[in-house]
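Atoms considered below: every heavy atom in the structure, side chains included; atoms not considered: hydrogens, waters and symmetry mates. All residue numbers refer to positions in the sequence shown, counting from 1. Given the structure is predicted, the values throughout are model-derived calculations rather than measurements.
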Amino acid sequence: MTHTTSPTDTPADGTWPGREHHVPVADTSMLPGTETAPPAAVSALHRAAQGAHKTIDRLADSAAPKVRHLSQTVGACTGTLRSTVRSNPLVSVLAAMVLGGLMSQIARPRQ
């Protein structure tokens with residue numbers, strides 16, 4: 001008769017049934033304020049997180065004016081595009097079909 005073990009069969013000390021020894025698992029906690037957290041690792045992680053926050057803030061600050069300018073440009077183009085479509089609806093539909101066909105050819109995987 002075969003005996004199967006389940007997770008509840010394993011003792012709390014981490015030994016496996018039928019084994020004489022067990023391998024202790026080290027506490028890998030890196031939370032600040034815990035006794036097991038290496039101070040150098042915690043401070044390095046904290047500095048890395050602060051550096052990442054500063055870099056993202058700097059990128060966001062530099063991108064904001066460019067995004068505003070792009071938004072204004074797109075807004076101006078929208079009005080021009082509307083008037084073009086209204087004055088030439090058939091050409092607009094044909095252009096949309098051609099662009100859709102080209103995009104489907106580009107997106108189709110090659111075999």
Side-chain angles (χ1 to χ4, degrees):
M1 181 167 162
T2 306
H3 176 70
T4 58
T5 60
S6 68
T8 57
D9 292 340
T10 305
D13 66 353
T15 59
W16 290 93
R19 303 277 179 152
E20 299 82 38
H21 64 283
H22 66 88
V23 178
V25 178
D27 182 15
T28 58
S29 174
M30 294 299 289
L31 298 174
T34 60
E35 293 178 22
T36 58
V42 172
S43 64
L45 184 61
H46 184 65
R47 283 193 311 272
Q50 284 180 335
H53 282 291
K54 287 179 184 178
T55 301
I56 290 172
D57 289 342
R58 189 172 54 245
L59 289 172
D61 289 342
S62 68
K66 294 172 183 152
V67 170
R68 269 188 247 115
H69 177 69
L70 182 62
S71 175
Q72 291 170 351
T73 304
V74 168
C77 290
T78 302
T80 303
L81 187 58
R82 276 194 190 124
S83 66
T84 303
V85 170
R86 284 184 182 142
S87 63
N88 303 309
L90 186 58
V91 173
S92 300
V93 170
L94 289 173
M97 289 175 62
V98 169
L99 285 174
L102 288 173
M103 290 174 59
S104 70
Q105 289 296 318
I106 291 170
R108 182 177 298 159
R110 302 286 183 225
Q111 293 183 9

Which donor-acceptor pairs under 3.5 Å do the side chains of residues 88-96 make with protein atoms, sequence neighbours left out?
| residue | atom | partner | partner atom | Å |
| --- | --- | --- | --- | --- |
| Ser92 | OG | Asn88 | O | 2.8 |

Side-chain donor-acceptor contacts of residues 48-55 below 3.5 Å, not counting sequence neighbours, with atom names and distances?
| residue | atom | partner | partner atom | Å |
| --- | --- | --- | --- | --- |
| Gln50 | NE2 | His46 | NE2 | 3.1 |
| Thr55 | OG1 | Gly51 | O | 2.9 |

Query raised in the report: About how many Å separate CE of Met103 and CD1 of Ile106, when rounded to the nearest 0.5 Å?
Result: 7.5 Å
Name the atoms and distances for all side-chain donor-acceptor pairs under 3.5 Å in residues 63-82, with sequence neighbours left out.
| residue | atom | partner | partner atom | Å |
| --- | --- | --- | --- | --- |
| Thr73 | OG1 | His69 | O | 2.9 |
| Thr78 | OG1 | Val74 | O | 2.7 |
| Thr80 | OG1 | Ala76 | O | 3.4 |

